[in-house]
Amino acid sequence: MTGAAVAPGLRCQNVDCVVAATGRCARAAEFEDPLAECPDLDRSVEAARSVQTPASALATGAAAPWSGKPLDQGECEALLARTPARLLAVLGLHGAGKTCLLTSFFLQLADGQRGEFPYRFASSLTLHGFGELAERASQWRGQGEIVGHTPLEDERPGRFLHLGFRPAARSDERHIDVLCNDTHGEIINAFIDRVDERARRLLGFLSRADGFLVIIDAEALFSADGTKQDARNSLLVQRAIDEAKQTGRADIPLALVFTKFDRLPVDQVVPVDRRLDPRSWGSLGARAPRIFAALRRSESAGVRADVFAASAFPRPMQEGQPIGVMAPFHFFLLHADRRRAWSPWESPISDTTSAFAAMRRWRIE
Amino acid sequence: MASAEETSLNEIWRAWGLRTDPTLAGAQVQAVAALKAWLAASDQKPEHALRSVQVILLDPERPDAANRPCVKPIHDLVIDSWKGGGTHEHFVVFLQAMLLAAWPGAAATWGGALAHLVRGASLALRGRERQAPRIQAWLAGLPEAPLPVASPSEVVADLVETTISPSLMLPNFPQDKLDFLAKNSGQGWSWAQTSGSINPLFNAVWELYQRLPAAEAALVEQCENALEGMRQYMQSVTSTKAPVSPELDLLWWGQAGYSHHLRRPLRHIADVGTRVLWGSLEAAERSRDLPTEPAASFLVETLRRLGLDVDQKRPLLEWMRELHAAIRAAPQFPKIQPQLAEFAREDALGLSITWVRMHASERFDDAAAREGVALALDVDVDLGDFAGLVFRELLLDLRFSGMQ
């Protein structure tokens with residue numbers, strides 16, 4: 001975990017802000033000067049003596065400004081009233097690896113391994129949520145589920161993970177908020193079938209999405225019901241394109257990610273400009289004809305699509321690094337955080353040169 | 001039925017990806033109404049409109065955006081009228097949407113008429129893709145300074161000068177003119193749109209004209225006085241000492257390319273920043289009563305004619321540095337007026353030129369400039385657009401100080 005250590009003598013009053021394992025401030029990069037600006041840091045001696053542990057915080061009932069748990073829709077609305085957060089819609093069938101990909105991305109970024117990704121990790125309002133996922137991932141030994149399945153949501157809509165970024169370019173001082181939904185695969189299944197009112201309500205945020213990440217279990221495409229997986233995922237891609245089109249915005253990015261790529265009997269590098277061509281993907285492309293056919297509709301729908309291959313946890317965390325995880329997020333932000341200069345205005349000129357206006361001016365003079 | 005502001009707010013809300021909450025509609029309407037009233041006071045307090053423009057231009061993703069001084073008065077006002085409407089602290093995007101919805105409150109005020117002089121700051125805005133279309137449309141719709149409102153007596157004077165006086169000057173009033181007056185007495189003239197609805201007045205004048213032969217001596221005397229006034233007026237406009245119209249004054253200045261302040265031709269000034277600085281000042285001083293954009297364009301064309309490469313692009317920060325050096329080297333350059341200085345001292349967001357003028361006596365500090373102006377100063381701006389920025393902010397200074 002990167003970030004500045006809380007200075008000696010200063011105590012953070014918000015137990016959710018400090019990474020327990022390291023004692024480091026999780027929001028350090030969010031502020032120009034955390035010690036001066038962060039309301040949770042208290043310089044008083046009393047505060048220094050009475051640093052709260054999670055247990056003592058609960059006992060005293062001290063309310064933190066944010067819980068660190070995944071955000072619900074109401075909390076997302078509150079965030080959107082403060083900042084134009086980028087909302088990344090993460091869609092994938094049950095077991096496709098949505099949560100694993102998000103967890104792996106967080107871990108890599110928070111560990112400073114951003115590679116060519118042009119943003120630094122700055123903050124997270126859902127640090128506990130990510131922390132729990134990371135904890136489970138760290139206990140995985142190569143067999144069984146890695147982070148477990150996302151709980152099926154109750155009637156309260158939404159379960160979002162938050163990440164704050166700072167652009168790597170020093171001249172760009174912004175703090176960018178990104179929200180990713182972490183939705184149970186069953187709800188996505190119902191969404192594909194277009195018949196489930198509850199799924200429609202729970203995924204109501206899609207109309208506001210700034211980009212789509214469609215996660216497809218590549219390994220499943222090679223299984224016995226691979227054809228069915230191809231058909232089902234192609235419906236998901238079509239639904240995602242429809243939703244992107246309905247946002248009414250041009251060039252919405254849609255990143256299609258084949259996960260568990262390390263488990264496939266393919267090992268080829270696909271050139272960037274040929275990633276939408278199934279032939280470039282060899283046997284994987286042959287196993288996913290409907291998915292690629294659905295993807296071809298993206299251009300006419302005004303959607304900017306690209307295809308990626310990733311492996312979030314190819315080995316237990318202590319033994320290996322993730323593969324290709326940053327690329328789809330990079331693609332998303334490349335489009336969702338375009339920094340185009342504003343076009344010059346063109347405005348009508350008022351008629352101050354009419355004969356009467358001129359006459360009045362002369363009269364005054 | 002939803003008010004225009006409510007409809008507008010909901011529309012902005014949706015465009016910016018915010019969910020409309022019917023349970024908060026009442027509180028929102030109340031808050032927008034409070035903002036509208038606050039903006040309507042821009043006639044007497046132009047800083048209300050200018051602060052609002054600053055908040056709308058503010059990038060919500062800038063560090064500490066919610067704590068900018070320009071946000072505070074608007075934030076306090078909304079919080080005050082919200083009365084537990086469920087809003088949150090630091091809601092910059094929310095405030096921006098409400099300000100846009102409430103802006104018609106400022107549209108017809110003098111403060112509102114100053115707003116277009118600040119929109120040059122949008123040259124150094126980037127991104128904000130959700131917000132940009134709506135804000136850009138609003139910027140484009142900001143009107144130039146409104147026409148002075150004509151009083152009824154002025155309108156009558158216009159009519160006397162254009163109808164009665166000429167008729168008295170000509171013993172045999174031509175029939176075609178009479179026909180023209182008769183024909184138009186019940187219809188609107190094209191200039192009627194400028195002077196407001198004056199058909200009833202015109203009809204009254206026409207009636208008066210028809211009754212003139214039987215008019216009382218007093219009326220005749222009044223008309224003769226009007227005639228005398230007209231003669232004097234004609235004399236004054238043909239006299240060599242007649243005041244020059246601002247258009248002519250600006251044209252003459254531009255053709256001459258001469259700096260009256262420095263008492264030498266602008267082309268003799270080698271330094272680019274200095275030439276832009278003084279050229280912009282001279283043009284601004286002659287453009288107080290002129291439409292801003294054509295005047296700004298005329299300045300740029302004048303500078304081009306004087307040999308400057310107005311298409312040369314450099315980051316705004318570099319141009320600011322150059323201007324800073326030019327002002328430092330010109331102690332006789334007019335100091336910023338107290339009204340604008342006080343306004344910008346609190347928060348100079350978007351006022352890059354004013355910020356440079358305010359800090360002319362200090363060393364130029366890039367970080368302080370970025371923080372003070374809160375724009376993307378790495379954006380490339382061409383010299384012509386930069387000269388336009390200098391011109392508009394100098395004009396803002398002149399007009400701001402002139403109206404308080």
Side-chain angles (χ1 to χ4, degrees), chain A residues 30-32 37 65 73-74 76-87 166 169 171-177 204-205 207-210 247-251 335-365, chain B residues 16-19 21 59-66 87-88 90-94 116 119 122-123 125-132 136 139-148 150 154 157-158 161 191 194-195 233 236-237 243 245-247 289-291 293-294 370 376-380 385:
Chain A
E30 194 177 336
F31 303 101
E32 285 291 297
E37 297 169 32
Q73 197 162 310
C76 285
E77 292 289 334
L79 184 70
L80 292 172
R82 298 200 300 268
T83 169
R86 316 297 191 276
L87 179 53
R166 272 203 192 284
S171 59
D172 192 347
E173 301 168 308
R174 295 171 305 138
H175 178 271
I176 301 161
D177 292 285
F205 64 86
S207 60
R208 197 278 178 202
D210 296 288
T247 62
R249 301 178 65 209
D251 284 345
H335 293 88
D337 190 33
R338 278 174 292 218
R339 298 275 287 149
R340 285 190 286 222
W342 288 22
S343 52
W345 64 89
E346 290 172 4
S347 58
I349 305 302
S350 62
D351 182 17
T352 56
T353 52
S354 73
F356 273 100
M359 197 164 68
R360 285 190 201 110
R361 213 157 49 216
W362 289 334
R363 190 186 300 139
I364 292 163
E365 285 163 357
Chain B
W16 289 4
L18 294 164
R19 198 167 54 91
D21 186 345
D59 186 343
E61 291 182 333
R62 285 193 65 83
D64 225 14
T87 188
H88 318 274
H90 312 312
F91 48 117
V92 174
V93 177
F94 189 80
H116 77 282
R119 69 181 160 194
S122 67
L123 287 171
L125 290 182
R126 271 183 171 178
R128 296 170 68 184
E129 297 229 338
R130 272 188 188 278
Q131 292 188 299
Q136 282 179 299
L139 285 170
L142 289 176
E144 294 275 328
L147 275 175
E154 280 179 316
D158 292 342
E161 286 180 5
W191 46 260
T194 310
S195 298
Y233 159 71
S236 74
V237 295
S245 74
E247 291 93 341
D289 300 322
L290 293 180
E293 293 311 317
R370 286 183 204 281
L377 298 185
D378 57 328
V379 167
D380 280 341
D385 284 343

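Protein chains get the first letters and strands the later ones, always in sequence-line order, with residue 1 at the start of each. Just so you know, these numbers come straight off a predicted model, no measurement behind them.
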(request) Could you tell me which non-hydrogen atom of B:Leu18 sits nearest to which non-hydrogen atom of A:Leu80, and how far apart they are? (result) CD2-O, 3.3 Å
(request) Supply the atom-to-atom distance A:Arg340 CZ to B:Leu125 CG, rounded to the nearest 0.5 angstrom. (result) 15.0 Å
(message) Please find the pair of heavy atoms, one from A:Arg339 and one from B:Ala376, that lie closest to each other, and give the distance.
(response) NH2-CB, 4.3 Å
(request) Could you pull out the closest heavy-atom pair between A:Trp342 and B:Gly127, with the gap in Å? (result) NE1-O, 3.0 Å
(request) Could you check which of A:Asp337, A:Asp210, A:Thr247, A:Asp172 has the highest count of heavy-atom pairs closer than 4.5 Å to chain B? (result) A:Asp210
(message) Minimum heavy-atom separation for B:Pro63 and A:Glu173, please, with both atom names.
(response) CD-O, 3.3 Å
(request) Name the region of B:Asp59, side chain, backbone, both or neither, that has any atom closer than 4.5 Å to a heavy atom of chain A. (result) side chain
(request) Report yes if the side chains of B:Glu129 and A:Arg86 come closer than 4.5 Å at any heavy-atom pair, otherwise no. (result) no
(message) Would you say that A:Pro84 contacts B:Glu61 through its side chain, given a criterion of any heavy-atom pair below 4.5 Å between the two side chains?
(response) yes
(request) Name the region of A:Ser343, side chain, backbone, both or neither, that has any atom closer than 4.5 Å to a heavy atom of chain B. (result) both
(message) Less than 4.5 Å to any heavy atom of chain B: does that hold for the side chain of A:Ala209, its backbone, both, or neither?
(response) backbone
(request) Calculate, to the nearest 0.5 Å, the distance between atoms CZ and CZ belonging to B:Arg128 and A:Arg174 respectively. (result) 11.0 Å
